[in-house]
Structure formats: C-alpha cells, structure tokens
Amino acid sequence: MSGEKETVLDLAKFVDKGVQVKLTGGRQVTGTLKGYDQLLNLVLDEAVEFLRDSDDPLKTTDQTRRLGLIVCRGTAVMLVSPTDGTDEIANPFSQPDGA
C-alpha cells in the first residue's frame with residue numbers, strides 16, 4: 001500500500017460543477033467546485049452563502065450573500081452535494097399539526 005492518504009469522497013466528478021456545502025456551525029454555501037485536496041479543503045468560485053434565521057441559527061433563509069472565490073477549510077466541511085439533480089421535497093415523516 002502506498003503512503004498516500006485517500007479521501008472517502010471522490011470529488012473529481014464534481015470539479016467545475018455546482019455543489020452545495022454545509023459547514024459546521026450551520027453555514028451553507030453553494031458555488032462551483034474549482035479544486036480540493038486530501039484534507040477536504042475546497043475551493044469554490046461564484047460562492048453564495050445562505051444567511052441564517054436570526055430566531056433559529058440552524059435554519060437558513062432565502063436571503064443570500066455573494067462571496068465570490070472562497071476556500072472552505074476541510075475540518076469545517078460536513079456535507080458536499082451536487083446542486084444539479086437535487087430537489088427539495090416535503091418531509092414524508094412529518095406529522096400533521098392536528099395529530
């Protein structure tokens with residue numbers, strides 16, 4: 001076995017494509033993945049941050065902030081997902097208010 005570390009994720013298929021990144025602390029960013037390394041540091045171009053709700057910091061709002069070219073530190077990355085082909089659906093497990 002070689003001395004190189006391998007990441008669990010194969011992010012090469014997402015390079016130059018849109019990704020959504022969730023970070024520790026509740027921040028959420030979307031942008032075009034331009035590069036990454038074995039520590040999961042990500043370089044995103046045309047990044048947009050979804051601002052959090054002032055009442056509930058774990059919820060994001062529709063308000064956004066343009067960030068441009070950014071580096072997401074690998075220790076803060078919790079989730080990386082493609083933006084193409086993902087749609088938000090209703091929660092099938094939520095209970096009606098009357099139940």
Side-chain angles (χ1 to χ4, degrees):
M1 186 161 190
S2 68
E4 283 186 40
K5 286 187 177 181
E6 292 185 27
T7 60
V8 175
L9 298 174
D10 180 22
L11 294 176
K13 58 187 169 191
F14 298 126
V15 172
D16 290 327
K17 293 191 170 85
V19 292
Q20 175 181 4
V21 180
K22 290 192 179 184
L23 305 167
T24 56
R27 295 178 86 175
Q28 184 173 329
V29 181
T30 61
T32 304
L33 182 65
K34 290 297 183 182
Y36 64 96
D37 64 10
Q38 70 271 15
L39 299 175
L40 208 59
N41 296 313
L42 306 176
V43 178
L44 299 179
D45 195 12
E46 301 172 5
V48 176
E49 177 185 9
F50 291 88
L51 300 178
R52 291 180 276 180
D53 190 350
S54 58
D55 296 330
D56 186 359
L58 296 178
K59 285 187 178 178
T60 57
T61 64
D62 291 334
Q63 294 178 311
T64 59
R65 179 171 70 156
R66 299 186 74 67
L67 301 176
L69 184 67
I70 64 167
V71 175
C72 297
R73 190 167 178 186
T75 56
V77 173
M78 292 182 7
L79 174 82
V80 179
S81 66
T83 54
D84 292 340
T86 57
D87 292 320
E88 188 171 331
I89 63 169
N91 184 350
F93 302 106
S94 66
Q95 297 291 324
D97 291 335

Worked check of side chain to side chain contact (heavy atoms under 4.5 Å, CB included) between Leu42 and Val19: CA-CA 11 Å; Leu42 306 176; Val19 292; 5.9 Å; no

Between [atom1] of [X] and [atom2] of [Y], what distance do you get to the nearest 0.5 Å?
{"X": "Leu44", "Y": "Leu69", "atom1": "CG", "atom2": "CG", "result": "8.5 Å"}
{"X": "Leu23", "Y": "Arg73", "atom1": "CG", "atom2": "CZ", "result": "12.5 Å"}
{"X": "Glu46", "Y": "Leu67", "atom1": "CD", "atom2": "CG", "result": "12.0 Å"}

Smallest separation among heavy atoms of [X] and [Y], with atom names:
{"X": "Arg52", "Y": "Thr61", "value": "C-CG2, 4.0 Å"}
{"X": "Thr24", "Y": "Thr75", "value": "CG2-O, 4.4 Å"}
{"X": "Gly74", "Y": "Asn41", "value": "N-OD1, 2.7 Å"}

Pairs touching residues 25-35 that satisfy side chain to side chain donor-acceptor pair (under 3.5 Å), sequence neighbours left out: Asp16-Lys34, Arg27-Glu49

Test item: Thr83 side-chain N/O and Gly18 main-chain N/O as donor-acceptor pair under 3.5 Å: yes

Contact check, side chains of Leu11 and Leu40, non-hydrogen atoms, under 4.5 Å: yes

Val71: partners by side-chain contact (heavy atoms from CB on, under 4.5 Å), with sequence neighbours left out: Val43

Residues which pass side-chain contact (heavy atoms from CB on, under 4.5 Å) with Ala12, listed by chain and number, not counting sequence neighbours: Asp10, Tyr36

Criterion side chain to side chain contact (heavy atoms under 4.5 Å, CB included) on Arg66 and Thr64, from CA distance to verdict: CA-CA 7 Å; Arg66 299 186 74 67; Thr64 59; 5.6 Å; no

ILVMFWY cluster, Val77 and Val15 together (side-chain gap under 4.5 Å): yes

